[in-house]
There are 4 protein chains.
Amino acid sequence: MSAGLEGLRDALRQFAADRDWDQFHSPKNLAMALSVESAELLEIFQWLTEEQSKNLSADAKAKAADEIADVLLYLVRIADKLGIDPVAAARRKMIANAQKYPADKARGNNKKYTEL
Amino acid sequence: MSAGLEGLRDALRQFAADRDWDQFHSPKNLAMALSVESAELLEIFQWLTEEQSKNLSADAKAKAADEIADVLLYLVRIADKLGIDPVAAARRKMIANAQKYPADKARGNNKKYTEL
Amino acid sequence: MSAGLEGLRDALRQFAADRDWDQFHSPKNLAMALSVESAELLEIFQWLTEEQSKNLSADAKAKAADEIADVLLYLVRIADKLGIDPVAAARRKMIANAQKYPADKARGNNKKYTEL
Amino acid sequence: MSAGLEGLRDALRQFAADRDWDQFHSPKNLAMALSVESAELLEIFQWLTEEQSKNLSADAKAKAADEIADVLLYLVRIADKLGIDPVAAARRKMIANAQKYPADKARGNNKKYTEL
């Protein structure tokens, strides 16, 4: 894991220990919390056009940063509880994605790899 | 941002540029993709007990790592498009959380801060 | 509840009883399944423009019908387990929404009621 | 569609027309709103045990009814915009589910049909 995420992981461990919250932090519950926070990020964009989503107001951008933070925190936490290194997993996934979506076939195309 | 996430961010930029995919990567669309991947992680746990979620089979753990990777990749990508540093935002959020959930009031308690 | 949803509710009760699945159908788990199915509906639209989402291919429309069905089934099931009548709740909500979003203030406006 | 859902569909059409909101109600946007509301329902249960989720407080039950209402309203609305009858789709899905999950093979089993 990268230094930044390791720092978050350790801070989250301490935070939970200080509050006796490990009892609530099953992977099942953390996956729920992660989905809830992702939806709070989604909510910011639901009535905006794509163009508007590229030009958020300062308020909306601050709110987005807050929700991105929540998603990252629960992601680091569930990965820790499952014994998974998220950055290493993401690197492996990018290699797999490069094979599923060869640049020449996928160029300018929004189809799923199963339909390319 | 941490070195690990910066590396992912740069690789994602290159990946999208090689495929002419920036046209699809509005923050609105990326927030949708992030929610979809979070739900794919959630799906792994939906019929498991909390106890079972702590003891995944090797297959389920590999699947979880894959979905955690997808969530992280879209999270890094949307943060990049919005000009947000996710690790810095997460650190700020942890400071705010420590104030919302003082250890002595929150200990062993699963209530939301507004109900503490 | 309407006759149509009552029929689905009864069929779902029988379906679960026949398979001894009530043990898995806690409201917590059903809420997870509902979110997962909502995200499968969301996935259909994630890379489409709004305009494209109004003109789905026959394949995409059939897939959307399938996911809408799944969402409705889990919604009827969780409402049954919680003892909630979803149609009555929706009618109450529409009355509340009419007060939160007066037509003259909300016309052509995509703001949340707290910002009107 | 059942009488109850047809009534909601018509009321939602009028509600949107009165506010000039059809411009925001693309299937893409409505799918986002549906996912957001599903996650608000999910949030109620995220830190509860399955047992606790079966015995909600009066406050939590009222909140759940509210979120179930929101999910149903957006579901009826997106189905209307796509020209899909949700109850007919759900009936078709139950027939398909009965074939995917034969009672004798699925009894007491929380595995996905692809793993039965």
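Order of the sequence lines fixes the chain letters, A, B, ..., with proteins taken first and strands second; residue numbering starts at 1 for each chain. None of these values were measured; they are calculated from a predicted model.
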query = B:E37, B:M94, B:K54: which one forms the most heavy-atom pairs within less than 4.5 Å of chain A?
reply = B:M94
request  = Identify which of B:L12, B:N55, B:N110, B:T49 forms the greatest number of heavy-atom pairs closer than 4.5 Å to chain A.
outcome  = B:N110
query = Can you tell me how far CZ of A:F24 sits from CD of B:E50, rounded to the nearest 0.5 angstrom?
reply = 9.5 Å
message = Is B:K61 in contact with chain A via its backbone, its side chain, both, or neither, using a 4.5 Å heavy-atom distance?
response = both
Ring-face cation of A:K100 near A:Y113 (centre distance under 6.0 Å, axis angle within 45°) = yes
message = Taking NZ in B:K105 as the centre, count heavy atoms belonging to other residues, nucleotides or ligands within less than 6.0 Å. Is the count above 12?
response = no
inquiry  = Counting only non-hydrogen atoms closer than 4.5 Å, does A:N29 touch chain B with its backbone (N, CA, C, O), its side chain (CB onward), both, or neither?
reply    = side chain
Contact class of B:R91 relative to chain A, heavy atoms under 4.5 angstrom = both
request  = Select one option (side chain, backbone, both, neither) describing which atoms of B:D22 are under 4.5 Å from chain A's heavy atoms.
outcome  = neither
query = In terms of heavy-atom pairs under 4.5 Å, which option from A:G83, A:S53, A:P102, A:A69 contacts chain B the most?
reply = A:S53
ask   = In Å and rounded to the nearest 0.5 Å, what is the CG to NZ distance from B:D70 to A:K93?
value = 3.0 Å
remark   = Assert top hit (heavy-atom pairs under 4.5 Å, partner chain A, pool B:L34, B:I78, B:D66) equals B:D66
task = Identify the two heavy atoms, one from B:P86 and one from A:L72, that lie closest to each other, and give their separation to 0.1 Å.
result = O-CD2, 3.6 Å
task = Drop me the distance from B:D85's CG to B:E6's CD, to the nearest 0.5 angstrom.
result = 8.0 Å
inquiry  = If I measure from the heavy atoms of chain A, does B:L30 come under 4.5 Å with its side chain, its backbone, both, or neither?
reply    = neither
task = Please round to the nearest 0.5 Å and tell me the distance separating atom CZ of B:R13 and atom NZ of B:K81.
result = 8.5 Å
message = Counting heavy-atom pairs under 4.5 Å with chain B, which one of A:L42, A:L56, A:I44 comes out on top?
response = A:L42
key: Interface moiety of A:Q46 toward chain B, non-hydrogen atoms closer than 4.5 Å   = backbone
request  = Quick one: list whatever passes side chain to side chain contact (heavy atoms under 4.5 Å, CB included) with B:D18, sequence neighbours left out.
outcome  = A:A103, B:Q14
query = With a 4.5 angstrom heavy-atom cut-off, which part of B:L48 approaches chain A: side chain, backbone, both or neither?
reply = backbone
Within 45° cone of B:F15 ring axis and under 6.0 Å: B:R19 NZ or CZ = yes
message = At a 4.5 Å cut-off on heavy atoms, which part of A:L73 comes close to chain B: side chain, backbone, both, or neither?
response = side chain
key: Heavy-atom contact with chain A under 4.5 Å, split by part of B:Y74   = neither
key: Spatial distance of atom CG (B:L41) from atom NZ (B:K63) [nearest 0.5 Å]   = 9.0 Å
inquiry  = Taking side chain as everything from C-beta outward and backbone as N, CA, C, O, which of these in A:A96 sits under 4.5 Å from a heavy atom of chain B? Side chain, backbone, both or neither.
reply    = neither
message = Heavy-atom cut-off 4.5 Å, strictly under: side chain, backbone, both or neither for B:I68 against chain A?
response = both
request  = Mind checking the CD-CD spacing from A:E67 to A:E43? Nearest 0.5 Å is all I need.
outcome  = 8.5 Å
Heavy-atom pair count under 4.5 Å with chain B, highest-scoring of A:N109, A:D104, A:D20 = A:N109
